[in-house]
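Report on one structure; see the data block that follows.
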Amino acid sequence: METEREGKNAAITVIRWSARVLWVISMGVLLPFFLGEGTPGNSMGPLAAISFGLLGIYAVAMCLALKWERAAVLVGVAALLAAHVNGLFLGLFEYPGHAFVNVVNPILLAFWVPVLLYLLCWRLEGRGRRKAVL
């Protein structure tokens, strides 16, 4: 019985650290975009500014997930959903006919991986608590 619980705790730890490492990698990808768009010679459109703002909220939320995991993950989910809505609905006005590209944006989809791993940890921890009570 104890070995099963220890194995589950080890799996949760591996998943949590995988989420953290993937978040650092995703921030390494996102940082050059922030730096490149923020230089004085580049002008950012309003839709790009909204998207970068939402991704900035996502970045701060994932940083806070190191301390307050559940609340930060919910904020990260909200920011990513808002970025997808921004790309889908507002992007249609700027880039007509590109709805599919805006929804299935591989860069935005890559940011979901750490969030989904954190949610998986949350789910596995919840199952362990319910079984321990019974």
Side-chain angles (χ1 to χ4, degrees):
M1 186 85 156
E2 284 298 319
T3 58
E4 181 181 326
R5 185 174 296 169
E6 289 172 3
K8 185 170 277 195
N9 288 341
I12 291 171
T13 303
V14 167
I15 292 170
R16 182 171 287 123
W17 276 101
S18 298
R20 291 173 179 171
V21 167
L22 289 173
W23 171 76
V24 169
I25 291 170
S26 66
M27 289 304 103
V29 169
L30 189 62
L31 186 62
F33 289 109
F34 277 124
L35 295 176
E37 289 294 329
T39 56
N42 292 332
S43 62
M44 188 183 315
L47 293 178
I50 292 171
S51 293
F52 276 115
L54 290 170
L55 289 178
I57 291 171
Y58 164 79
V60 169
M62 289 296 103
C63 186
L64 292 175
L66 298 172
K67 177 75 174 166
W68 301 287
E69 188 173 292
R70 293 185 177 158
V73 168
L74 293 176
V75 171
V77 166
L80 285 176
L81 284 175
H84 278 287
V85 168
N86 178 38
L88 174 64
F89 294 113
L90 299 178
L92 288 177
F93 298 117
E94 193 167 305
Y95 308 107
H98 291 81
F100 182 74
V101 174
N102 288 329
V103 173
V104 189
N105 186 343
I107 294 173
L108 277 180
L109 291 179
F111 292 124
W112 280 100
V113 175
V115 170
L116 294 175
L117 287 174
Y118 274 124
L119 290 174
L120 180 62
C121 285
W122 191 358
R123 176 75 175 155
L124 289 175
E125 285 176 344
R127 281 188 176 178
R129 286 190 192 125
R130 275 187 257 133
K131 286 184 181 178
V133 172
L134 296 176

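With values rounded to the nearest 0.5 angstrom, Met62 atom CE is found 11.5 Å from Phe111 atom CZ. For the atom pair CD of Glu125 and CG of Asn9, the computed distance is 8.5 Å after rounding to the nearest 0.5 Å. Taking SG from Cys63 and CE from Met27, the interatomic distance works out to 9.5 Å, rounded to the nearest 0.5 Å. With rounding to the nearest 0.5 Å, the separation of CD1 in Ile15 from CG in Leu116 is 12.0 Å. Rounding to the nearest 0.5 angstrom, the gap separating the CG atom in Leu124 from the CZ atom in Arg16 is 9.5 Å. For the atom pair CZ of Arg20 and CD1 of Ile25, the computed distance is 14.5 Å after rounding to the nearest 0.5 Å.
Cluster membership check: Tyr58 shares its hydrophobic cluster with Leu119, using side-chain heavy-atom separations under 4.5 Å among Ile, Leu, Val, Met, Phe, Trp and Tyr. In the hydrophobic clustering of this structure, Val60 does not group with Leu80; members are Ile, Leu, Val, Met, Phe, Trp, Tyr whose side-chain heavy atoms approach within less than 4.5 Å, directly or through other members. Note on Trp68: it does not cluster hydrophobically with Val77, by side-chain heavy-atom contacts below 4.5 Å among ILVMFWY residues. Leu55 and Leu64 fall into different hydrophobic clusters, where Ile, Leu, Val, Met, Phe, Trp and Tyr side chains are chained together by heavy-atom contacts under 4.5 Å.
The shortest heavy-atom contact between Trp23 and Ala59 is CZ2-O, 3.6 Å. In this structure, Trp122 and Leu74 approach most closely via the heavy-atom pair CZ3-CD2, 3.9 Å. Scanning all heavy atoms of the two residues, the minimum distance from Val75 to Ala61 falls at CG1-CB, 3.9 Å.
Contact annotation: the side chain of His84 approaches that of Leu109 to within less than 4.5 Å [non-hydrogen atoms, C-beta and beyond].
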Run Leu117 and Trp17 through side-chain contact (heavy atoms from CB on, under 4.5 Å) and show every step you take. CA-CA 9 Å; Leu117 287 174; Trp17 276 101; over 6 Å; no
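In the hydrophobic clustering (ILVMFWY side chains linked at under 4.5 Å, chained through shared members), Val14 stands by itself.
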